[in-house]
Amino acid sequence: MAAMTVLTGVREREHAIDVARENLQRVANLAAANEAQSIEGARQILRDLSSIPDLLENQEDCSVLLSDILSKNTDYVNFGLIQLNGDVTCSAVSSVGMVNLADRAHFRRAIAERRFIAGNYIFGRVIGKHTINLTFPVIKNGDVKAVLFAAMDLVELDKFVLDVQLSPGSVLWTVDAGGTIISRRPDPASWFGKPIPAELRPALATRPKVPVLLTGDDGVQRLYAFARVGKPDISEYTVVIGIPYDEIVAAATQDQLIAVVGLVVTITLALLAAWFGGDLMIVRRMQALVRTADRIASGSLDTRTGMRYEDEEISGLARSLDEMALALQKKEVERDAAAASLQAADRRKDEFLAMLAHELRNPLAPISSGAQVLKMAHADNPAIARTAEIIARQVEHMTRLIDDLLDVSRVTRGLVKLNRQPLDLRTVVEDAVEQAYPLFKSKRQQLELDIPHAPMGINADHKRMVQVVANLLNNAAKYTQEYGHIRVALQRDGALVRLVVADDGIGMAPELVARVFELFTQAERTSDRSQGGLGLGLALARTLVTLHGGTLRAESAGPDQGSAFTVELPYDETPVQAGPGGAQPAGAAAVRPGKLRCLVVDDNVDAAQTLALFLEAGGHLVHVAYRATEALELARAHAPQLCFLDIGLPDIDGNQLARQLRALPQTADAQLVAVTGYGRKEDQEKSIAAGFDQYFVKPMDTAKLVHLLSLLTPDTVQ
């Protein structure tokens, strides 16, 4: 056994050296991974900054934003934006004069290679510290517009390897692509910016995968390991760790002595050690770690191992598990805070869109009412009547677009309510052509309609299907040159009805065909195609077709070879009704015996006057007020039976006015109708709670208004 112990000791000495090589390489890889993670974090920050739309617009706002980011990222000493001429026009740290970085290699490489670049060592001109500059190009429409940079303090970079345990006499370097030291342990400050010792440069150039034995400039023979910091797209830095060879051999010799001494003790204590070490020290503790990991995986992030940390592997695993749980717990708190912030931003967005819709609906209200008055006053003139119908139909279409603007996600996710009924797709195409015809006419395009004589029955929402076809026609007109040709073909194919909108315009590349129905996707627009939308039309069209149980696909042979969009819908044999119960035109239904005393309150003069004209054309007595105080005076004087109140009045809002009218004996029993541009459900609930009987969103649905008047109009004049 003594001979075996000596032989084993020799082998253990060799094995210790091999293990030292392996562990040293693993430690070097760990240190490199830690630093790579830090640089990757910088790249993510710069990538996020480059996607901010207004970053290049306002220098002062940009500097404020970067200062805020710098205050939240203590590892950095500056953030900035470099123009293509090298001028730093935006910086988290202000400078006395203009700073130009055109001579910086990392700046030129970021422009030339159009990617993230981790630069070599630099002593900052403005901040006066040892740094490395991390750069990222800002690319807009395929072109580099500027370059973002983050200056990392080398003192902060050094902290990412503090958890690497080094024995006395060991050294750790991090060097850039030029061999300049950007991190060193021990004594980092005195080594920043200096070249790595000459004896290490040949090995640094090749980065051997196995640690090599070299003698340093201090005469100490060390085992050196080399590890690259991240992948090639992260950095060109290298971590170098050297451990004294004598220390490795000394440890092996000490192990040999311990082995000889322990030979006697081992035989005596073998069984006891196996039981104690295997069961108590390893198995039970590992089981505790497994239980802790399972609880963390199930979501109990406040779970901890409860073990006492000692200088051995299981304690290290327990420490890592506890630290992971703590980090996950912190991230969960941050995620909840971010979610709350997103909810607040979403709420502000909804409020903004509601206000926008209100402002857009206000001018539509007098247009719609004026069209109805025009139709009623000139019912015997076909041209005027048709013009009024076109105006009313287009106002209705504009109103629908405003409603879609309020909640695009609702439409694209299929949450829009469909009023389906038997339709003839030919009528849908005719209405859509009427909407799109002015665009064809302005570009002198030829529209060919191939529509069969037989009905093309479908079960669909008329308004939504007109929106689908109109979007396809508008898209074809936008991307077809002047004097171009657009063809609309309608045919039945068994159980399907197929509609094809084809053009000989600019066409699409294969990659655009694959994503043309995504939100905000548009073809490249040139000066002769200046009109365009938000890239919502085709996405909305496909979603609406899908909601109807159909399909919409795009085809193109390539650029400048035209495009074709095909809609396929299930055929429906149900006869198409001429109209809902053969209802009369709105103008005719409004003329009934008797009249109502009406009060119209709206600070928009045009809206108030056109609604008053519409009511007067129906034979009713109308008083108009533009402020709430004036409305109260008219209410006391004339006791109106029907009051139309705008919500957004200049002195008090319509809801408060409704409460005051309910308190007056003259209008306690009057019908109160809210007429407003606010169309959200919560706005409607608030108004109904204030005492309103009806809630109309501008522009008013005249058919609904005529029906209300017919219910309220007495049979005889009062």
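Hydrogens, waters and symmetry mates play no part in the numbers below; they use all other heavy atoms, side chains included.
Across all their heavy atoms, L599 and A631 have their closest contact at CD2-O, 3.8 Å. V624 and E630 make their closest contact through O-OE2, 3.7 Å (heavy atoms, listed as atom of the first residue, atom of the second, distance). Residue Y626 comes nearest to A608 through the heavy atom pair CE2-CB, 3.9 Å, listed as atom of the first residue, atom of the second, then distance.
Put simply, the side chain of T667 gets close to the backbone of L661: a donor and an acceptor are under 3.5 Å apart. Although no hydrogens or angles enter the test, the distance criterion places no donor-acceptor pair under 3.5 Å between the side chain of D503 and the main chain of G562. K443 places a side-chain N or O within donor-acceptor distance of the main-chain N or O of K478, the cut-off being under 3.5 Å. In this structure, R426 contributes its side chain and H453 its backbone to a donor-acceptor pair below 3.5 Å. Proximity of a side-chain donor or acceptor of Q445 to a complementary backbone N or O of A477 within less than 3.5 Å is detected.
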Quiz item: For D602 and K698, what are the C-alpha separation, side-chain angles and deciding distance, and is it a salt bridge (Lys or Arg N to Asp or Glu O under 4.0 Å)?
Solution: CA-CA 12 Å; D602 197 326; K698 295 180 180 179; 3.0 Å; yes
Self-check item: side-chain hydrogen bond (donor to acceptor under 3.5 Å, both in side chains) between R659 and Q656, worked out
Solution: CA-CA 5 Å; R659 294 187 181 93; Q656 186 176 351; over 6 Å; no
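Salt bridge absent: R420 and D572 never bring a charged side-chain N and a carboxylate O closer than 4.0 Å. Under 4.0 Å is where a charged nitrogen must lie from a carboxylate oxygen, and between R492 and D424 no such pair does.
Legend: salt bridge (charged side-chain N to carboxylate O under 4.0 Å, His left out) pairs involving residues 467-477, not counting sequence neighbours: none detected.
Residues T676 and D683 have side chains not in contact (no heavy-atom distance under 4.5 Å, counting atoms from C-beta outward).
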